[in-house]
Amino acid sequence: IAHFNRGNVLFSLSRLDEALVSYSRAIYLNKGNAEFFYNRANVYQVLRRHQESFSDYQEALRLNPCHVGALFNGGNALQDLRRISQAISFYDRAISVSPNVAFIHGNRANALFALKRYSDALPGYDVAIDLDPNVAELYHNRGVLLRNMNRYQEAIQSLETALRLNPEYPYLKGIIVFSRLKVCDWSVYYKDLHELIDNVRLDKKFTFSFTVLSLTESLADHYKAAKIWTSDRHPHLKVIPDLPKYSRQDKIKIGYFSADFHNHATAWLMAELFERHDRTRFELFAFSFGPDIQDEMRQRVSNAFDHFFDVRNKSDEDIAKLSRVWSIDIAIDLKGLTQDHRLNIFAHRAAPIQVNYIGYPGTVAAPYMDYIIADHTLIPEVSRQYYSEKVVYLPGSYQVNDRHRKISDRVFTKAEVGLPETGFVFCCFNNNYKITPDVFDIWMRILKAVPDSVLWLFEDNPTAAANLRKEAAMRGVEAERIVFAQKMELSHHLARH
């Protein structure tokens, strides 16, 4: 027991390696105490040694099957190991033992969220909040879920409740700002903008870097925001040994890592690139951590690779290890800091050379990302100082584009897409969150100067459309001169153009 208590003191002092030694000595002397295994598992979890952590939680449960902490934290370790369905079963067992613990319901909802089972996750957050209505994290997670469900007004309300409960909650204010941008709510736009930039410049954990790209052209601010996020959430990990030097191989092995090997903008751009690699010189590997959608693009892309690995249920550490097993020479991340990214794969060092390409053409500000592929328009020479990666310049455009996209034979009439029969059509099909009040001011002046013209925009969500029409009217432009294009299948969308 003395070794166990010493481990507890060392753990409280964050002297984690020494704590492990003490707990291990206690276990050596008494293998029948569940608390010894449980506390050592907690240290492993802090050290991100998730497999060892889960093994100790299992041992604690063997000794005490109703140990709520081991069930709950075992579920957390399983989430970190990407064994999400198994994690849910652990939370279910914990709830059966202690049904009134808010965080168990909350973490079970997190697991369902990770599986994109949004409608199943939401009631779990509601139950957790009913049990403990003063936990900012629960409102935060519920708000992010609602945003993913395109229920933006409810999302903002939930996120603002979290902020009231904890004004210092990391990155929360940035999520609220971005949620307002998604619905083109500009009621406090300039206040949000100035507060966000000021906090980034003060090195505060105020916003996810993606939001900054939408609000300012300052590359220095982009770099600072990315560095704050990456150093906090995705630091260089040394859980597995340093990468060994590979022996020379007949072909250079290139690994592409993405969640988007299906009908997705990234695949629509890159499909032909995969097909056109010189197979006498290169061997191609895909590491897919996105959904297993067996659509036409998934079939095409998977056929373009020599090896296609579905790794969505593997941990970041295990994916990095798999990359090493196959001696991947160049690992190319197609996600960067966009939704569903898995940057920690590269934090574990999946390959000797690691590259940021196409999904996020800003810097990820990570010391383990060696290169970014760009062109001189995207990153002029004078801008290189704002990228942690070395820049590899392609001639012309960095953005590869598949030449074999299908365009539907359907011929749309103007009436079918809501456009007037006469008058000039100005068009912008960017996501609505990229529209700023300053740009919108310019567009409205143009519409006023060109009689009978209309502005054709993409409709991301009905709230954004309503707000943009309201903003047009406030600038003296009839709301009906803003026409919205609905989402449709790509071949029809191209024909619509």
Side-chain angles (χ1 to χ4, degrees), residues 150 152 177-190 192-193 210-218 264-266 268-269 338 358 361-362 375 377-378 380 396-399 401-403 405-497:
N150 297 328
Y152 293 105
V177 171
F178 190 71
S179 298
R180 290 195 188 112
L181 291 176
K182 288 287 287 185
V183 294
C184 299
D185 175 359
W186 300 333
S187 56
V188 289
Y189 175 85
Y190 293 103
D192 281 346
L193 172 61
F210 193 87
T211 304
V212 182
L213 295 182
S214 308
L215 290 171
T216 175
E217 296 178 3
S218 169
H264 183 279
T266 300
W268 296 333
L269 291 175
T338 59
I358 216 163
D375 56 48
T377 300
L378 181 68
S397 172
Y398 86 105
Q399 191 185 87
N401 218 312
D402 178 27
R403 297 173 300 177
R405 293 192 192 188
K406 293 179 180 177
I407 300 178
S408 169
D409 293 330
R410 182 177 173 186
V411 178
F412 289 88
T413 66
K414 286 186 174 183
E416 281 182 281
V417 295
L419 295 171
E421 290 300 324
T422 60
F424 195 88
V425 177
F426 295 99
C427 177
C428 176
F429 280 175
N430 270 293
N431 282 304
N432 296 159
Y433 70 82
K434 299 180 183 180
I435 303 173
T436 66
D438 294 335
V439 169
F440 200 72
D441 286 342
I442 296 168
W443 290 351
M444 294 305 98
R445 291 202 299 270
I446 292 171
L447 287 187
K448 286 183 188 179
V450 182
D452 301 322
S453 64
V454 297
L455 176 60
W456 196 18
L457 301 176
F458 165 68
E459 182 177 321
D460 177 75
N461 61 86
T463 305
N467 282 337
L468 286 169
R469 286 196 170 108
K470 180 187 70 176
E471 293 288 341
M474 290 168 58
R475 290 162 175 79
V477 174
E478 298 88 343
E480 58 269 19
R481 292 178 68 186
I482 312 299
V483 180
F484 287 95
Q486 306 298 318
K487 292 181 181 178
M488 61 172 54
E489 193 270 325
L490 180 63
S491 66
H492 292 305
H493 173 62
L494 295 175
R496 172 169 62 180
H497 278 297

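Keep in mind it's a predicted model, so treat the numbers as computed, not measured.
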* To do: Could you please spell out the steps behind the side-chain contact (heavy atoms from CB on, under 4.5 Å) verdict for V188 and R180?
  => CA-CA 9 Å; V188 289; R180 290 195 188 112; 3.6 Å; yes
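- The closest side-chain heavy-atom distance from I446 to L455 is not below 4.5 Å.
- Between D402 and W268, the closest side-chain pair of non-hydrogen atoms is not below 4.5 Å.
- Scanning both residues, A465 and F484, for their nearest heavy atoms gives CA-CZ, 3.5 Å.
- Y190 and D192 share no side-chain donor-acceptor pair at under 3.5 Å.
- Residues that satisfy the salt bridge (Lys or Arg N to Asp or Glu O under 4.0 Å) test with K414, not counting sequence neighbours, are absent from this structure.
- For the pair N467 and C184, the tightest heavy-atom approach, listed with the atom from each and the gap, is CB-O, 3.5 Å.
- Residues Q399 and I358 are in side-chain contact: their nearest non-hydrogen atoms beyond the backbone lie under 4.5 Å apart.
- Put simply, the side chain of T463 does not reach to within 4.5 Å of the side chain of Y152, judged on heavy atoms.
- Contacts of D185 classified as side-chain hydrogen bond (donor to acceptor under 3.5 Å, both in side chains), with partners at least two apart in sequence or in another chain: S187.
- Here the straight-line distance linking atom CG of L213 with atom CZ of F178 works out to 9.5 Å at 0.5 Å rounding.
- One finds the NZ atom of K434 at 10.0 Å from the NZ atom of K182 (value rounded to the nearest 0.5 Å).
- For the ring pair (Phe, Tyr, Trp, His ring centres under 6.0 Å) criterion with H497, the lone passing option out of F458, W456, F429 is F429.
- Judged by distance alone, the side chain of E489 and the main-chain N or O of S491 form a donor-acceptor pair under 3.5 Å.
- The OH atom of Y398 sits 7.5 Å away from atom CG of D375, with the distance rounded to the nearest 0.5 Å.
- Atom CG of D452 has 12 or fewer neighbouring heavy atoms from other residues, nucleotides or ligands inside a 6.0 Å radius.
- Counting heavy atoms from C-beta on, the side chains of M444 and I482 come closer than 4.5 Å.
- Looking at heavy atoms from C-beta onward, K448 lies out of side-chain contact with R445 at the 4.5 angstrom threshold.
- Between Q486 atom CD and E459 atom CD the span is 4.0 Å, to the nearest 0.5 Å.
- Rounding to the nearest 0.5 angstrom, the gap separating the CZ atom in R496 from the CD atom in E416 is 11.0 Å.
- Annotation: side chain of L269 is not in contact with side chain of H264 (no heavy-atom distance under 4.5 Å).
- Rounding to the nearest 0.5 Å gives a distance of 11.0 Å between OG of S214 and CG of L193.
- Annotation: side chain of L468 is in contact with side chain of F440 (closest heavy-atom distance under 4.5 Å).
- Nearest heavy atom pair, residue S408 against residue H492, reads OG-ND1, 3.1 Å.
- Judged purely by atom type and a 3.5 angstrom limit, D460 has no side-chain atom pairing as donor or acceptor with the backbone of N432.
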* Decide side-chain contact (heavy atoms from CB on, under 4.5 Å) for Y189 and T436; before the verdict, give the C-alpha distance in whole Å, the side-chain angles of both, and the deciding distance to 0.1 Å. => CA-CA 9 Å; Y189 175 85; T436 66; 3.5 Å; yes
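- Between I435 and W186, the shortest heavy-atom distance links the atoms O-CZ2, 3.6 Å.
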